[in-house]
Amino acid sequence: GMSSSTTGASGEVVVSKMGGGIDVADAPHGATLNTMGGGIHVGKVASFAKIKTMGGEIVVDQATGSVDANTMGGEITINSAAGPVKAETMGGSITVREVGTSAQERDIYLTSKGGNIQLTVPKDFPMTVKITLAYTRTDHQYHIDQHAGLDVHETSEWDHSEGLPRKYIRASGLVGSGLNRITIETVNGN
């Protein structure tokens, strides 16, 4: 397929493909990566990472800036992040590990339309947390596991306003100063 790889004015790695995987080992000045279908892997990326695939998994080993990852179908794994993260998949699990001190603000938004989401943050990470787990299937026991002292509430009635009837498990709360806004949403996942 057609592929173009360029280095932007400020030194970021720019890759845009009609199909097939993308593998970037090191992007010290940021990366903008797009493919119409295929997995995307990034080793080390600083400054920012903007990653989009129409279908495939996204893996980032180490990010020191912001990450914006979007796939229409596949899992997203960010093994080490020291900045804000936005990760969206239409179907697949999301795993994010935030590291380091939280001197700079890091909002985190993780959403899947079908899959488990796991977020690990440093000890005493100051955050305002809002988690919404919707489920349409009753053959599974869905749950929110958390070690942050959040309030967890489950709805008892089926909500018919969004297509398939669904119930919700929600968790919210404040840790420390509440500096970082954490939003996690999934359907039929833990």
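Two residues are said to be in side-chain contact when any heavy atoms from C-beta on lie closer than 4.5 Å; W158 and H160 meet this criterion. The shortest side-chain heavy-atom distance between I94 and T89 falls under the 4.5 Å cut-off.
A donor-acceptor pair under 3.5 Å is formed between the side chain of N180 and the backbone N or O of R106. A donor-acceptor pair is defined here as one N or O able to donate and one able to accept, closer than 3.5 Å; such a pair exists between the side chain of T186 and the backbone of G115. Put simply, the side chain of T128 gets close to the backbone of G178: a donor and an acceptor are under 3.5 Å apart. Counting only distance, with no hydrogens or angles, the side chain of T111 and the backbone of E88 share no donor-acceptor pair below 3.5 Å. Of the possible donor and acceptor atoms, none in the side chain of E162 sits under 3.5 Å from a partner among the backbone N and O of P165.
Side chains of N190 and H140: a donor-acceptor N/O pair is absent below 3.5 angstrom, by distance only.
Heavy atoms of other residues, nucleotides or ligands lying less than 6.0 angstrom from NZ of K44 number 12 at most. Within 6.0 Å of CZ in R181 there are 12 or fewer heavy atoms belonging to other residues, nucleotides or ligands.
With a 6.0 Å cutoff to the six-membered ring centre and a 45° limit on the axis angle, R137 does not count as a cation-pi contact of Y135.
Tested against I58 for a side-chain contact (heavy atoms from CB on, under 4.5 Å), the candidates T71, V67, L33, N70 yield a single pass: T71. Checked against D68 for a side-chain hydrogen bond (donor to acceptor under 3.5 Å, both in side chains), the options K52, K50, K86 give a single hit: K50.
Classification of R166 and D159 as a salt-bridged pair fails, no side-chain N sitting under 4.0 Å from a carboxylate O.
Closest approach of M90 to M72, counting heavy atoms only: CB-O, 2.9 Å.
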